Number of protein chains: 2
Amino acid sequence: MAVTIKDVAKLSGVSISTVSRVINDSKPVSPEVKRKVLEVIEEIGYKPNEIARTLVTKKSYLIGVIVTDLADSYVADMVRGIEEVGKMYNYDILLCSTYGDKEAELKYIQLLNRKQVEGMILISDTINDEIDEKISEYSIPFVYLSRYSKFDKYPTVSIDYHFAAYEITKYLIKLGHKNIGFVGYLEDENSTQIEKYEGYSKAMEEMELDPSFIFETQGISIGHGYEALDQSIIKNELTALFCSNDEIAIGALNYCYDNQINTPEDISVVGFGDISIASLIRPKLTTVKEPFYDIGAVAIRRVIKELRKEDVGEKHIKLPYQIQQRNSCIKI
Amino acid sequence: MAVTIKDVAKLSGVSISTVSRVINDSKPVSPEVKRKVLEVIEEIGYKPNEIARTLVTKKSYLIGVIVTDLADSYVADMVRGIEEVGKMYNYDILLCSTYGDKEAELKYIQLLNRKQVEGMILISDTINDEIDEKISEYSIPFVYLSRYSKFDKYPTVSIDYHFAAYEITKYLIKLGHKNIGFVGYLEDENSTQIEKYEGYSKAMEEMELDPSFIFETQGISIGHGYEALDQSIIKNELTALFCSNDEIAIGALNYCYDNQINTPEDISVVGFGDISIASLIRPKLTTVKEPFYDIGAVAIRRVIKELRKEDVGEKHIKLPYQIQQRNSCIKI
DNA sequence: TTGAAAGCGCTACCAA
DNA sequence: TTGGTAGCGCTTTCAA
């Protein structure tokens with residue numbers, strides 16, 4: 001058994017109350033006594049049991065984080081932001097991955113609650129009613145993070161997808177491109193994919209360009225991007241492709257590579273997100289840089305503010321983004 | 001305040017002991033009473049407070065995981081393995097990232113201890129004496145995971161780096177390559193990089209080939225791989241490069257791309273690790289597949305076995321690996 | 001400035 | 001099969 005506050009009290013000849021006072025600096029303690037107690041603590045290497053502490057103070061200094069999959073680098077980036085800022089305020093992260101399993105998600109929400117987390121951050125593509133209900137039930141600070149979904153009942157942190165898509169399309173146009181295709185997943189009307197499409201078409205229409213070269217994907221992964229392309233990009237004399245996220249863009253790039261279509265010489269490709277691999281592949285991907293790390297950081301900052309009853313500001317926070325110019329895209 | 005066991009007891013007209021018995025199935029309870037209690041629990045949505053439970057049982061069902069950086073995909077993969085297997089045994093993960101800061105690492109080890117984690121897994125490149133001391137001090141199950149370091153005072157899970165390097169070099173030789181360069185970081189003699197070099201040179205020497213085309217890197221990142229290369233790969237008529245890890249290999253590939261050296265046509269490149277990006281880039285990287293996920297899974301399995309006083313087997317577990325053949329490497 | 005004691009929510013022992 | 005109760009390690013009144 002580890003040393004407890006009792007041992008410290010006994011060895012320093014004071015009551016446990018006094019020991020508690022010195023370790024928490026909560027009430028005045030005479031200098032000599034304080035010195036003595038500190039000495040004993042140092043000597044026997046006493047460390048307060050955080051569990052016992054939590055039981056009485058109700059402060060676990062734990063934030064539950066539920067993610068789909070850490071292997072998605074943007075998720076890992078968000079978690080980094082969450083963790084790093086959390087640590088600044090002494091909060092630790094209890095991590096759960098669902099791999100898209102909604103059952104598991106529900107289970108973890110309840111689990112985290114039982115573990116007395118003080119707040120929760122959910123990173124996932126969708127929220128269903130069951131989940132929604134549980135979250136409302138436990139009235140703890142909560143932030144929903146998704147690069148995909150527009151669900152806005154709960155606080156969120158994201159960027160302006162519509163405008164970002166608009167801007168990068170404009171950028172393409174400024175580079176001289178006229179026949180610009182859109183590659184993305186359009187089935188789900190409640191997704192940011194739609195917003196991106198709208199941004200794209202707005203930019204196109206403003207310049208009286210045709211926004212109907214659409215390659216619909218069946219999802220938002222690399223494979224989906226790869227599968228959505230076909231030789232019509234050549235037939236239609238497309239000179240550029242706006243892919244609704246980086247994964248799709250990489251799929252597109254790979255399709256081109258495998259079919260002897262040179263990028264960016266034959267066709268320029270831009271993505272959306274700036275996930276870590278975007279700058280590692282060749283050609284390096286021109287894309288919209290979503291500040292994933294900051295999104296996580298701001299999310300937990302909000303949770304902590306709420307915990308401290310500070311002003312939390314806007315419910316839906318929009319962060320700035322950047323157009324990240326690289327080599328997958330050239331002037332024509 | 002959330003509902004407690006007392007509320008359940010009161011509402012179902014039994015003692016808290018009885019309620020405790022039904023929620024833990026620890027002692028026989030008459031069917032009617034059990035039914036009644038369960039009913040009440042369901043009705044008021046009672047969930048046991050895990051903190052209180054932990055305080056008395058000493059079982060927190062928490063495993064502390066300290067990592068350098070989740071953004072390294074292999075780290076994320078290990079954490080996935082840890083988490084997923086942990087969940088099978090009801091264990092949760094308390095996650096801390098150090099970003100290579102040894103001070104922070106030490107701090108987190110202590111912190112996790114205070115949070116009463118039952119076991120700890122450290123994923124990092126090195127262990128220093130201070131850290132070592134703390135770990136020994138808290139005598140909880142511990143596993144050290146590193147793809148880089150050979151530190152073996154504590155239980156580890158890894159692969160046979162020497163033999164894997166030997167095998168992939170053999171593979172290159174079988175493909176017809178004779179002038180094979182080694183690219184890697186050789187400063188630190190306690191690293192697996194050295195083992196890989198030895199595996200490489202053993203394979204070369206066995207075939208009476210020259211193992212001295214060495215490109216020493218200053219580290220093991222993509223940038224380091226990029227910087228270590230120069231035109232001598234052409235001058236020396238090298239036809240293949242064995243890079244001591246995937247990052248270095250990708251750096252090498254990028255160097256070639258940027259200098260109009262075609263891969264694999266002009267030069268074959270193999271890596272080591274099979275980090276996620278390896279199969280995404282073009283050409284896809286031929287490499288040694290280290291089972292990162294399994295490494296994490298086996299590590300936590302060991303921790304849990306130790307916790308359950310089961311037989312833990314070997315202190316240093318070696319897992320199988322594979323040569324992952326892809327396109328960065330061709331027959332000549 | 002200090003100590004005694006109550007109590008956080010729960011488990012586990014003892015007695016009935 | 002049940003209830004009463006001590007106690008896990010700590011914080012926080014309340015009195016002294």
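Quick caveat: nothing in here was measured; it's all calculated off a predicted structure. Order of the sequence lines fixes the chain letters, A, B, ..., with proteins taken first and strands second; residue numbering starts at 1 for each chain.
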Note to self: Which residue is it: B:Lys318, B:Lys315, B:His316? I am looking for the one with a side chain to side chain donor-acceptor pair (under 3.5 Å) to B:Thr156.
What the structure shows: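 Of the listed options, the one satisfying the test is B:His316.
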Notebook entry, point to check: If you check the B:Val56 side chain, which of D:dG9, C:dT2, C:dG9 turns out closest?
Noted result: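 For the B:Val56 side chain, the nearest candidate turns out to be C:dG9.
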Is there a side-chain polar atom (N or O) of [X] under 4.0 Å from OP1 or OP2 of [N]?
X	N	value
B:Lys27	C:dT11	no
B:Ser30	D:dT2	yes
B:Lys6	C:dC8	yes

Note to self: For a quick check under 3.5 Å, do B:Ser20 and B:Ser17 share a side-chain donor-acceptor pair by atom type?
What the structure shows: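 Result is no, nothing qualifies.
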Next item on the list: Determine whether the side chains of A:Tyr161 and A:Arg147 contain a donor N or O and an acceptor N or O closer than 3.5 Å.
Entry: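 Absent: no donor and acceptor within the cut-off.
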Quick one: [X] [atom1] to [N] [atom2], roughly how many Å, whole number?
X	N	atom1	atom2	result
B:Leu55	C:dT11	CG	P	11 Å
B:Ile5	C:dG7	CD1	P	18 Å
A:Lys59	D:dT12	NZ	P	12 Å

Checklist line | Residues touching DNA chain C, which here means a heavy atom under 4.0 Å, drawn from residues 32-52 of chain A | finding: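 Only A:Val33 qualify.
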Next item on the list: Strictly below 4.0 Å, heavy-atom distances to any atom of DNA chain C: list the hits from residues 7-25 of chain B, or just say none.
Entry: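 The stretch gives B:Ile16, B:Ser17, B:Ser20, B:Arg21, B:Ile23, B:Asn24 as the residues lying under 4.0 Å from the strand, ordered by number.
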Note to self: Taking the side chain as everything from C-beta on, heavy atoms only, tell me whether B:Ile127 gets closer than 4.5 Å to B:Ser149.
What the structure shows: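 With C-beta onward as the side chain, the pair stays apart.
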Check: Would you call the rings of A:Tyr144 and A:Phe151 parallel, tilted or perpendicular if under 30° counts as parallel and over 60° as perpendicular?
Finding: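 Perpendicular.
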Margin query: More than 12 heavy atoms of other residues, nucleotides or ligands under 6.0 Å from NZ of B:Lys10: yes or no?
Written below: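 No, NZ of B:Lys10 has 12 or fewer neighbouring heavy atoms, counting only those of other groups under 6.0 Å.
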Note to self: For A:Tyr108, does the six-membered ring have the charged nitrogen or CZ of B:Lys87 within the cation-pi criterion, i.e. under 6.0 angstrom from the centroid and within 45° of the normal?
What the structure shows: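 Judged by the rule, B:Lys87 and A:Tyr108 form a cation-pi pair.
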Note to self: Between the side chains of B:Glu137 and B:Lys134, is the shortest nitrogen-to-carboxylate-oxygen separation below 4.0 Å, so that they form an ion pair?
What the structure shows: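 Looking at B:Glu137 together with B:Lys134, the answer is yes, because their closest N to O distance falls below 4.0 Å.
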